[in-house]
Amino acid sequence: MSCAKERLLPISAALAAALLISLPAARAEDDPQLEGIVVSGARPATAPYEAPTQGSLDAGQPQSIINQHFIENNLTAGANYTDIINIAPSVSDTTPNGAGNAESLNLSIRGFQDGQFNVTFDGIPWTDSNDFTHHSTSYFTSNTIGNVVVDRGPGTASQVGNATFGGTVALSSKDPMTAHNVTPSLMIGSYHTSDYSLQVDTGTLPQAGGGRALLELTDINTDGAMSNNGQQRKNAFFKYVQPLSAETTVTAVAMYNTVHQNVSQFGTLGSQLGQFGPNYSLNDVPSSDAYYGYNFDDIHTDFEYVDLKTVLGGWQFDNKAYTYAYYHKINETNDPSLNAFGSYGAYTGLGSPAAPYVPGQGNFFDVTGQKGFNNYRSWGDVLHADRDAGPGTVHTGLWVDYQWNDRALWDVDWTQGGTILPLDSTTVNPNANGFQRVQHNTLTTLAPFIDYEFRPIDALTLTPGVRYTSFKRTVDAAVNQNTLQPLNYSHTWSAAQPSFYANYRIASNWSAYAQYARGFLAPNLNLVYYANLTAANEFTPQNTNNLQAGTTWKSDRLTVSGDVYHIKFNNFVTAKKTHGATLTALGGGSAVFKGAELEATYAFGFGVSAYGNWSHNAATYADGSPVLNTPNGTSALGLIYDQGPLYASLISKRVGSQTEAGNNPATATGNYDISAYTVNNLSVVYTVREPGAGAKAAHVRLGIDNLSDNRARYFVYGANLAGLDDFMTLPGRAYSLTLSADF
């Protein structure tokens with residue numbers, strides 16, 4: 001990476017600072033309806049309309065709003081929500097197979113990793129109950145998402161979820177249009193990628209009492225940026241909105257998604273990257289652990305809810321009853337990164353490989369690995385009830401969720417057609433019979449909440465509140481992971497999370513806010529994978545104390561937000577190895593996350609806007625060592641042109657240096673210092689109005705990701721079974737061409 005490129009991106013901070021200094025005085029004509037998550041009142045070519053990310057005048061904590069206008073013009077229909085939010089300050093992601101072509105691997109917000117913050121869809125938290133992480137390719141495509149809000153903090157008491165701990169990524173679905181419209185689209189791109197999509201809006205149906213519906217169908221096929229990491233994905237999304245009266249509306253949503261993907265559960269050795277190139281991952285050699293035919297997933301998911309909004313007895317009710325499910329068939333070898341050709345195979349016991357294949361010596365061994373499944377379903381309900389009381393409004397409600405999870409994994413001989421391979425695990429547990437785990441788990445969550453939003457004066461809003469969260473885990477395992485012993489276990493963790501924020505409207509288009517809130521995170525399921533569970537009953541749940549303050553200013557010409565934060569992370573759950581392979585769960589430890597964030601968009605006029613964001617992020621443990629996988633900052637800088645039939649954007653995103661875990665022999669800790677990297681993305685959209693053939697409009701979009709073809713190693717996956725570190729590289733330059741029309 002050239003020094004010139006590295007100097008370019010910090011200009012985003014200088015740009016935003018210069019814009020702040022040159023703020024014009026607020027004018028009445030600069031105060032259109034600027035607010036609203038989808039910036040529905042903002043006019044085209046104004047800063048709030050064009051901004052890739054922006055704050056909110058009503059915010060009580062730092063947040064970045066990403067609107068539908070940016071999503072539709074800068075991302076393909078099959079992109080993941082992680083690809084959308086990667087533009088936001090303090091956000092970084094790892095997608096070595098290309099945008100939308102595989103699950104996100106290392107999504108981070110301020111250094112908090114996936115599983116330490118919520119992801120919600122239309123206000124409904126969804127997650128894996130084992131570790132609160134999310135499957136970014138298994139539910140929602142970008143063409144079903146209307147907008148995204150990245151909340152960098154636990155929020156108010158009414159912001160529910162399993163991991164309010166580090167913040168919330170709030171996805172909101174598109175609303176059906178009021179006018180009838182049909183939009184077919186075709187995208188073709190690099191890595192033999194194709195994406196066929198169809199959106200159908202019924203428009204308002206008088207014969208159905210004003211109901212309206214939206215249907216989205218998406219069919220994605222790609223070979224992927226990494227070798228033999230293909231993916232086939234189909235997604236169907238349906239939304240129906242039915243008004244029953246002036247005060248009552250029912251909304252129904254249903255989503256179904258399937259994914260077949262070839263994927264390595266490890267990264268790639270540095271020597272292999274040098275020998276076979278930065279795209280190397282899996283191969284087409286059946287005698288190899290890296291054979292793509294032995295490393296694949298089949299995943300089926302669904303997500304449904306019914307939402308009732310009504311007014312009754314002075315209360316405004318919003319109640320969502322929901323269910324979602326994830327069914328995953330697992331097929332993998334023991335370690336695809338061990339050898340590019342030949343099998344490591346012929347295991348004498350779990351995790352104890354025999355000598356590897358040596359070219360020319362003829363000692364081929366059977367390829368061994370695992371088959372398994374991870375299936376779960378959640379049932380739940382989110383109730384919000386609001387009522388004016390005195391000088392303010394009471395917000396109260398309840399979130400309940402029950403998730404069952406069946407997990408199994410067993411050893412197989414792939415060379416022999418995937419037959420079960422008992423190995424010598426019977427010496428540990430005679431009933432294991434080659435199984436590494438057979439578990440039935442449940443997680444029951446109960447979270448009542450209440451806060452009071454009041455205004456002692458018109459310009460000041462104060463909101464104190466409290467949320468009480470209770471998590472109950474149960475494990476019924478015939479074969480528990482790691483120990484291979486049977487286990488019956490149950491434990492409940494609970495805690496109250498107080499919150500308080502103040503928002504002061506300095507002017508109609510300028511506000512400032514401050515927040516204190518406490519985040520909460522129950523221990524992951526892997527806590528019970530250890531032989532000694534005594535300490536588990538003594539854990540204090542992980543929690544954060546968040547102090548944050550910021551400001552937002554908006555006009556037609558400029559939108560700018562800035563904040564500072566200080567977060568104390570308490571009670572790390574850790575584990576140490578005792579008596580050889582025995583792991584004992586421990587609690588304790590602390591860290592401090594602190595920093596500053598800034599984002600701004602300035603509309604010069606004539607369709608030209610400039611965008612920049614910047615963050616400084618620092619996270620250290622109590623002993624001063626850095627929290628791993630925490631970039632020391634991020635920044636973005638871009639130009640946008642949006643006038644007449646043409647939209648174009650060129651945006652650079654820089655992710656700062658960070659420390660990542662490994663077995664690096666060059667350092668005392670074994671960790672790696674990963675250098676900063678920059679990715680430049682270009683999008684050009686041209687629209688033709690009334691092109692003929694009955695079309696209202698036709699659109700052509702050219703996208704080029706990683707314009708400068710940066711192939712830096714940007715993620716350390718960790719050590720393989722041979723103790724050698726695996727890496728992942730930035731995907732190379734990728735092109736996409738999308739053709740669509742509105743009828």
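Please read all numbers here as calculations on a predicted model, not as lab measurements.
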Euclidean distance, Leu737 CG relative to Leu186 CG, rounded to 0.5 Å: 8.0 Å
Polar side chain donor-acceptor pair, Thr249 to Lys309, under 3.5 angstrom: no
Non-hydrogen atoms of Pro731 and Ala225 that approach each other most closely: CB-CB, 4.0 Å
From Phe303 atom CZ to Tyr322 atom OH, the distance as rounded to the nearest 0.5 Å: 8.0 Å
Distance (rounded to the nearest 0.5 Å) between Leu171 CG and Thr144 OG1: 8.5 Å
Centroid separation Tyr504 to Trp510 less than 6.0 Å: no
Test item: Asn509 side-chain N/O and Trp553 main-chain N/O as donor-acceptor pair under 3.5 Å: no
Side chain to side chain donor-acceptor pair (under 3.5 Å) between Asn86 and Asp93, worked out: CA-CA 6 Å; Asn86 194 43; Asp93 193 19; 5.9 Å; no
For Gln159, the option from Thr120, Thr164, Asp451, Asp151 that meets side-chain hydrogen bond (donor to acceptor under 3.5 Å, both in side chains): Asp151
Side-chain donor/acceptor of Gln548 to backbone N/O of Arg152, under 3.5 Å: yes
Separation between OG of Ser683 and CG of Leu702, rounded to the nearest 0.5 Å: 7.5 Å
Pairing of Asp705 and Arg733 as salt bridge, 4.0 angstrom limit: no
Pair Ser56-Asp58, side-chain donor/acceptor within less than 3.5 Å: no
Minimal non-hydrogen separation, Pro631 against Ser92, with atom names: CG-OG, 3.6 Å
From Thr94, Thr95, Asn101, residue fulfilling side-chain contact (heavy atoms from CB on, under 4.5 Å) relative to Asn97: Asn101
Separation of Glu216 CD from Phe238 CZ (nearest 0.5 Å): 12.5 Å
Glu103 vs Ser136, side chain to side chain donor-acceptor pair (under 3.5 Å): CA-CA, chis, key distance, verdict: CA-CA 5 Å; Glu103 287 189 3; Ser136 57; 5.5 Å; no
Donor-acceptor under 3.5 Å (Asn503 side chain, Thr461 main chain): no
Minimum side-chain heavy-atom gap Pro62-Tyr513 below 4.5 Å: yes
Test log, rule side chain to side chain contact (heavy atoms under 4.5 Å, CB included), inputs Thr168 and Val119: CA-CA 6 Å; Thr168 295; Val119 181; over 6 Å; no
Ile84 side chain near Ser142 side chain, heavy-atom distance below 4.5 Å: yes
Centroid-centroid distance, Phe606 to Phe604, less than 6.0 Å: no
Over-ring placement of Arg110 relative to Tyr565, 6.0 Å and 45° cut-offs: yes
Side-chain donor-acceptor pair present, Ser615, Thr634, cut-off under 3.5 Å: yes
Any side-chain donor near an acceptor of the partner, Thr193 and Thr222, under 3.5 Å: yes
Between Phe112 and Phe117, ring centroids under 6.0 Å: no
Exercise: do Tyr240 and Gln242 side chains pair donor with acceptor under 3.5 Å: yes
Pair Asn67-Asn147, side-chain donor/acceptor within less than 3.5 Å: no
Test side chain to side chain donor-acceptor pair (under 3.5 Å) applied to Ser185 and Ser740, step by step: CA-CA 4 Å; Ser185 69; Ser740 63; 5.8 Å; no
From CZ (Phe743) to NE2 (His180), nearest 0.5 Å: 11.0 Å
Any donor-acceptor N or O pair under 3.5 Å, side chains Asp318, Gln316: no
Close aromatic pair by centroid cut-off 6.0 Å: Phe140 and Phe121: yes
Tyr611 and Asn613 side chains, donor-acceptor separation under 3.5 Å: yes
Test item: side-chain donor near acceptor, His616 and Asn632, under 3.5 Å: no
Residue pair Lys696 / Asn181, side-chain donor-acceptor N/O under 3.5 Å: yes
Thr393 side chain to Asp386 side chain, donor-acceptor N/O pair below 3.5 angstrom: no
Under 3.5 Å: donor-acceptor pair, side chain of Arg701, backbone of Asn74: yes
Between Tyr686 and His699, ring centroids under 6.0 Å: no
Tyr196 atom OH: more than 12 heavy-atom contacts under 6.0 Å: no
Stepwise side chain to side chain contact (heavy atoms under 4.5 Å, CB included) check, Lys174 with Leu214: CA-CA 8 Å; Lys174 283 183 179 178; Leu214 164 69; 3.8 Å; yes
Side chain to side chain contact (heavy atoms under 4.5 Å, CB included) evaluation trace for Thr218 with Asn143: CA-CA 9 Å; Thr218 304; Asn143 59 347; 3.0 Å; yes
Pair Tyr647 and His69, ring centroids less than 6.0 Å apart: yes
Worked check of side chain to side chain donor-acceptor pair (under 3.5 Å) between Thr310 and Thr248: CA-CA 4 Å; Thr310 191; Thr248 304; 2.7 Å; yes
Side-chain (Lys653) to main-chain (Asn680) donor-acceptor, under 3.5 angstrom: no
Under 3.5 Å donor-acceptor, Asp642 side chain and Val608 backbone: no
Intermediate values then yes/no, side chain to side chain contact (heavy atoms under 4.5 Å, CB included), Ile567 and Leu547: CA-CA 6 Å; Ile567 302 171; Leu547 291 172; over 6 Å; no
Side chains of Thr601 and Gln54, donor plus acceptor under 3.5 Å: no
Test side-chain contact (heavy atoms from CB on, under 4.5 Å) applied to Leu198 and Val182, Thr183, Asp219, the passing residue: Val182
Backbone N/O of Thr137 and side chain of Arg233: donor-acceptor pair under 3.5 Å: yes
Any donor-acceptor N/O pair, Asn681 side chain to Asn706 backbone, under 3.5 Å: yes
